[in-house]
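Step one of this worksheet: look at the structure below.
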Amino acid sequence: QAPELAEEANDQGMEAFKEKEWERAFEHYSEAIRLQPQKSVYHGNRAAVALKLRRADVAVQDGIEAANLDPSYFKGHIRAGKGYVMMGEPESATRQFELALAQEPDNKLAKKGLEEAAALEA
């Protein structure tokens, strides 16, 4: 029953995200994670909304957790990298964007993230 409830919470989170109701989306994604913590996409989704809420620490933690749970989930690295940029940590951000580019060499978000991280160091 937990997987179905988790999927339902995730779906509600996606609906709230589309409506730009960031706090509500965050709560739904948190519930999905509580019910099924091993599902990477739930962590990735909460990382995305955490960035919207400027909760960089959560974005980093969830992004890394998503990538750890599913190494092919490169978006986790991108979201963690964006969180590190937000926190003013260019070295950590660069590492995350490089991990994303190792999987998706032409990814525009990861390339842009590397530029943003480099600008922090300038």
Side-chain angles (χ1 to χ4, degrees):
Q1 188 176 356
E4 293 86 9
L5 290 173
E7 197 58 36
E8 189 177 309
N10 185 63
D11 290 347
Q12 290 170 335
M14 292 190 326
E15 237 0 89
F17 192 94
K18 285 181 201 163
E19 295 166 15
K20 295 183 166 64
E21 294 180 14
W22 311 131
E23 284 291 346
R24 194 165 64 89
F26 188 90
E27 290 170 17
H28 287 302
Y29 293 141
S30 294
E31 179 65 4
I33 289 167
R34 187 186 70 75
L35 291 165
Q36 203 170 16
Q38 70 281 12
K39 190 132 182 194
S40 64
V41 72
Y42 299 163
H43 291 276
N45 288 346
R46 189 169 70 177
V49 80
L51 289 168
K52 297 288 187 186
L53 291 167
R54 305 207 51 80
R55 293 179 63 180
D57 57 330
V58 176
V60 166
Q61 187 178 351
D62 277 345
I64 290 171
E65 182 66 12
N68 285 342
L69 288 167
D70 178 1
S72 69
Y73 190 77
F74 69 92
K75 288 180 186 176
H77 293 300
I78 292 172
R79 291 171 184 161
K82 286 182 175 186
Y84 279 128
V85 166
M86 212 178 269
M87 293 164 69
E89 296 185 23
E91 296 86 6
S92 297
T94 297
R95 177 79 182 121
Q96 292 300 313
F97 293 127
E98 286 173 345
L99 288 167
L101 286 169
Q103 292 180 27
E104 286 276 321
D106 296 323
N107 187 282
K108 288 182 174 76
L109 288 175
K111 287 180 179 180
K112 183 175 183 253
L114 274 180
E115 290 170 12
E116 290 172 1
L120 285 177
E121 292 183 294

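With contacts defined as side-chain heavy-atom distances shorter than 4.5 Å, the pair Leu101/Leu114 qualifies. Side-chain contact between Lys39 and Glu7 is present, with heavy atoms from C-beta onward closer than 4.5 Å.
In this structure, Ile33 CD1 and Asn10 CG are separated by 9.0 Å, a value rounded to the nearest 0.5 Å. With rounding to the nearest 0.5 angstrom, the OG atom of Ser40 is 9.5 Å from the CG atom of Asn45. The CG atom of Leu35 lies 10.5 Å from the CD atom of Glu4; values are rounded to the nearest 0.5 Å. The structure places CG of Leu69 at 8.0 Å from CD of Gln38, a figure rounded to the nearest 0.5 Å.
Minimum heavy-atom separation, Ala100 to Ile78: CB-CG1, 3.6 Å. Considering all non-hydrogen atoms of both residues, Ala25 and Gly13 come closest at CB-O, 3.5 Å. Of all heavy-atom pairs spanning Ala66 and Gly76, the tightest one is CB-CA, 4.4 Å. Summarising the geometry of Ala117 relative to Pro90, their closest heavy-atom pair is O-CB, 3.3 Å, with the distance given to 0.1 Å. The minimum heavy-atom distance linking Val85 with Ala93 is given by the pair CG2-CB, 3.7 Å. Smallest separation of non-hydrogen atoms from Pro3 and Gln36: CA-OE1, 3.6 Å.
Sorted by first and then second residue, the ring pair (Phe, Tyr, Trp, His ring centres under 6.0 Å) pairs involving residues 14-54 (not counting sequence neighbours) are Phe17-Trp22. Applying the ring pair (Phe, Tyr, Trp, His ring centres under 6.0 Å) test to pairs two or more places apart or on separate chains, none has a residue in residues 55-105.
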Review item, side-chain donor-acceptor pairs of residues 103-111, under 3.5 Å, at least two apart:
unit_1	atom_1	unit_2	atom_2	d
Gln103	NE2	Pro71	O	2.5
Asn107	OD1	Leu109	N	3.0
Asn107	OD1	Ala110	N	2.9

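Remark: the backbone N or O of Gly44 is paired with a side-chain donor or acceptor of Arg79 at under 3.5 angstrom.
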**Item:** side chain to side chain contact (heavy atoms under 4.5 Å, CB included) between Glu121 and Glu91, worked out
**Value:** CA-CA 8 Å; Glu121 292 183 294; Glu91 296 86 6; 3.6 Å; yes

**From CA spacing to verdict: side chain to side chain contact (heavy atoms under 4.5 Å, CB included), Val41, Lys75** = CA-CA 9 Å; Val41 72; Lys75 288 180 186 176; over 6 Å; no

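Hydrophobic clustering, with ILVMFWY side chains joined whenever heavy atoms are under 4.5 angstrom apart, keeps Leu51 apart from Leu53.
Annotation: side-chain hydrogen bond (donor to acceptor under 3.5 Å, both in side chains) contacts of Arg24 (sequence neighbours excluded): Glu19, Glu21. Remark: Glu116 pairs with Lys112 by the side-chain hydrogen bond (donor to acceptor under 3.5 Å, both in side chains) rule, at least two apart or across chains.
Within a 6.0 Å sphere centred on CD of Glu98, other residues, nucleotides and ligands contribute more than 12 heavy atoms.
Leu99 forms part of no hydrophobic cluster, judged by ILVMFWY side-chain heavy-atom separations under 4.5 Å.
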